[in-house]
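Next up is a structure, given as structure tokens.
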Amino acid sequence: MVIAVIGAGSIGRRHAENLQALGRDVALIPWREFDRATFETRKDIKGMVIATATHVRLELVDLCVAMNIPFYVEKPLHWTAQGVAEIYDRAGDLAQRSMVGFMARYHPVVQALAGQDLSDVYGFTFEIGHDVRQWRQNWSFPASYAARADGGGVLLDLCHELDMALALFPDLKIDAVSSVGHADFDGVDFASRIALSGAGRSGTVAMDYLSPVSIRRSEVNGVTSARSLDLLAATLTTNAGEPQTATFDYDRNDMFRAITSDWLALIDDPQTPLRPLAPRLSDMRASSDLIADAWGKRRFAGTAEMTF
């Protein structure tokens, strides 16, 4: 049986390589070459990875439902609450065997933090930043889906930290979103800072396309313990009077392998035990709605200077 990967950009190729490494036969199909009528005649498709641009989601979910094949859909699910609702309405019971691509939940630092008692936490910050011009070799931001006013921008592109905050603190709500744009890309946020609160705690999630060095760090503060996370260095420092730092073995692709392994297990048996925080589609409605709510609440406060 074959796993179809729709979308042959860098993320689609990564999924195809990982599936092959996990022993699966793969059909990697560029979106521009995808022919639905021909695809529907295939009897060998066991699952689909939807690795297309953000605005190409619903029609492929519809196809998976029609063919009764589980899917792995890249994050975010959609940028509007209506779009999220439509996908969930169409997916139905298939959501139990499908995944959303929040692979950062499998980061060893995040897994370790999730295993702690966080009931004393009153404040947090999550931050991620990259210079978007340095992401990939031979890649152009202006020509990419990320430069689209609908479905692009940094809040959607780097929404892992927003999902991570909700995974750790499930009652969070969006208070406000302040964004920085770019004069050449109307409606596209290049930096966004999101204020959240819930159940006696408040914090921020910040992401940007602007940082000259890669940043991926967090602070999670409680009345008995302060915690500092560096996801690039794979360290978790806990300070309850005496700081203790744990360093984890980490390779970025390990997160992709782990989430893919869980999804493949779901395809075979929706009752199979999964790793903590596994983003099964049926469990991800709150996260998808939170991201859509944040995107809708962006308020632009000027523009950044960045030359392409």
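This structure is a prediction, so every number in the text was calculated from the model and none was measured.
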Rounded to the nearest 0.5 Å, what's the gap from CG on Leu155 to CZ on Arg298? Could you check? 7.0 Å
Could you tell me if the side chain of Phe308 sits less than 4.5 Å from the side chain of Asp184, heavy atoms only? no
Can you confirm if the aromatic rings of Tyr209 and His130 lie within a centre distance of less than 6.0 Å? no
With sequence neighbours excluded, what pairs up with His78 under the side-chain hydrogen bond (donor to acceptor under 3.5 Å, both in side chains) test? Thr80
Taking the side chain as every heavy atom from C-beta outward, state whether Leu63 and Phe71 have any pair of such atoms under 4.5 Å apart. no
Is there a path of hydrophobic side-chain contacts, each under 4.5 Å between heavy atoms of I/L/V/M/F/W/Y residues, joining Leu28 to Leu22? yes
Exercise: identify the closest heavy-atom pair between Thr54 and Gly151: OG1-O, 3.0 Å
Main chain of Pro276, side chain of Gln111: is a donor-acceptor contact present, judged purely on distance under 3.5 Å? yes
So do Met164 and Val110 actually touch side chain to side chain, heavy atoms under 4.5 Å? yes
Are more than 12 heavy atoms, taken from residues, nucleotides or ligands other than Asn253, located less than 6.0 Å from that residue's CG atom? yes
Between Asp230 and Arg216, is there a side-chain N and carboxylate O pair less than 4.0 Å apart? no
So if you build clusters from Ile, Leu, Val, Met, Phe, Trp, Tyr with side-chain heavy-atom gaps below 4.5 Å, do Val188 and Val132 land together? yes
CG of Asp35: more than 12 outside heavy atoms within 6.0 angstrom? yes
Are the side chains of Tyr72 and Ile50 in touch, meaning some heavy atoms are under 4.5 Å apart? no
Reference residue Met207; test side-chain contact (heavy atoms from CB on, under 4.5 Å); the match among Ile215, Asp189, Ile128, Leu156: Ile128
Dump the intermediate steps for side-chain contact (heavy atoms from CB on, under 4.5 Å) on Leu196 and Leu290, then the final yes or no. CA-CA 10 Å; Leu196 306 102; Leu290 189 79; 4.1 Å; yes
pair Asp268-Lys46: side-chain heavy atoms closer than 4.5 Å: yes
Can you confirm whether more than 12 heavy atoms, excluding those of Asp44, are under 6.0 Å from its CG atom? yes
Within 45° cone of Phe141 ring axis and under 6.0 Å: Arg133 NZ or CZ: no
Using only atom types and a distance under 3.5 Å, with no angle test, would you say the side chain of Tyr88 pairs donor to acceptor with the backbone of Leu281? yes
Member of Asp150, Asp157, Thr52 meeting the side chain to side chain donor-acceptor pair (under 3.5 Å) criterion with Tyr145: Asp157
Does Arg105 use its side chain to pair, donor to acceptor, with the backbone of Ala278 at less than 3.5 Å? no
Tell me, yes or no, whether the heavy-atom count around Arg280 atom CZ, taken from other residues, nucleotides or ligands under 6.0 Å, exceeds 12. yes
Between His107 and His160, is a side-chain contact (heavy atoms from CB on, under 4.5 Å) present by the stated rule, with each step listed? CA-CA 11 Å; His107 195 293; His160 286 289; over 6 Å; no
For the atom pair OG1 (Thr204) and CG (Asp175), what is the distance rounded to the nearest 0.5 Å? 11.0 Å
Check the angle between the aromatic planes of Phe124 and Phe126 and answer parallel, tilted or perpendicular using the 30° and 60° thresholds. tilted
Distance only, no hydrogens: is a donor on one side chain within 3.5 Å (strictly under) of an acceptor on the other, for Glu219 and Ser228? yes
So does His182 get a backbone contact from the side chain of Thr303, meaning a donor-acceptor N/O pair under 3.5 Å? no
Using 0.5 Å steps for rounding, measure from the CG atom of Leu236 to the CG atom of Leu229. 5.0 Å
When you group the ILVMFWY residues by side-chain heavy-atom contacts below 4.5 Å and let the links chain together, are Phe248 and Leu232 in the same group? no
For the pair Ser288 (side chain) and Arg285 (backbone), establish whether a donor and an acceptor sit closer than 3.5 Å, ignoring hydrogens and angles. no
Are Leu277 and Phe102 side-chain neighbours, meaning at least one heavy-atom pair lies under 4.5 Å? no
Write down the atom of Ala147, the atom of Pro142, and the distance for their closest heavy-atom approach. CB-O, 3.8 Å
Taking the side chain as every heavy atom from C-beta outward, state whether Asn221 and Val121 have any pair of such atoms under 4.5 Å apart. no
Nearest-0.5 Å distance, CG of residue Asp163 to CE of residue Met103: 11.0 Å
ILVMFWY network linking Trp263 to Met1, side-chain heavy atoms under 4.5 angstrom: no
How far apart are the closest heavy atoms of His15 and Ala51, and which atoms are they? CD2-CB, 4.4 Å
Smallest heavy-atom separation, Glu74 atom then Gly101 atom, equals OE1-O, 4.1 Å
Looking only at heavy atoms, what is the nearest atom pair of Ala294 and Leu162, with distance? CB-CD2, 4.0 Å
What do you reckon, are the aromatic ring centroids of Phe190 and Phe300 less than 6.0 Å apart? no
Could you state the interatomic distance from CG (Asp62) to CE (Met67), rounded to the nearest 0.5 Å? 13.0 Å
Interatomic spacing from CG in Asp208 to OG in Ser179 - rounded to 0.5 Å: 11.5 Å
Got a donor-acceptor contact below 3.5 angstrom from the Asp131 side chain to the Ser211 backbone? no
Backbone N/O of Leu19 and side chain of Arg24: donor-acceptor pair under 3.5 Å: no
Using a 4.5 Å cut-off on heavy atoms from C-beta on, say whether the side chain of Val26 contacts that of Val2. no
List in chain and number order the residues that pass side-chain hydrogen bond (donor to acceptor under 3.5 Å, both in side chains) with Arg36, two or more places apart in sequence or in another chain; answer none if no residue qualifies. Glu40
Criterion side-chain hydrogen bond (donor to acceptor under 3.5 Å, both in side chains) on Asn18 and Thr260, from CA distance to verdict: CA-CA 8 Å; Asn18 282 328; Thr260 302; 5.3 Å; no
Can you get from Ile3 to Leu266 by hopping between Ile, Leu, Val, Met, Phe, Trp and Tyr side chains that sit under 4.5 Å apart? yes
Do Tyr250 and Tyr106 have their ring centres less than 6.0 Å from each other? no
Using every non-hydrogen atom in the two residues, find where Cys64 and Met48 come nearest and quote the distance to one decimal. SG-SD, 3.5 Å
Under 3.5 Å donor-acceptor, Arg57 side chain and Ala53 backbone: yes
Would Asp262 and Arg275 satisfy side-chain contact (heavy atoms from CB on, under 4.5 Å), going step by step from the backbone distance to the final call? CA-CA 7 Å; Asp262 271 356; Arg275 275 164 272 213; 3.4 Å; yes
What verdict does the side-chain hydrogen bond (donor to acceptor under 3.5 Å, both in side chains) test give for Thr237 and Thr245, after you've listed the backbone C-alpha separation in whole Å, the side-chain angles of each residue and the deciding distance to 0.1 Å? CA-CA 4 Å; Thr237 300; Thr245 298; 2.7 Å; yes
Kindly indicate, with the supporting measurements, whether the criterion side-chain contact (heavy atoms from CB on, under 4.5 Å) is fulfilled by Val177 and Arg299. CA-CA 6 Å; Val177 182; Arg299 297 295 179 266; over 6 Å; no
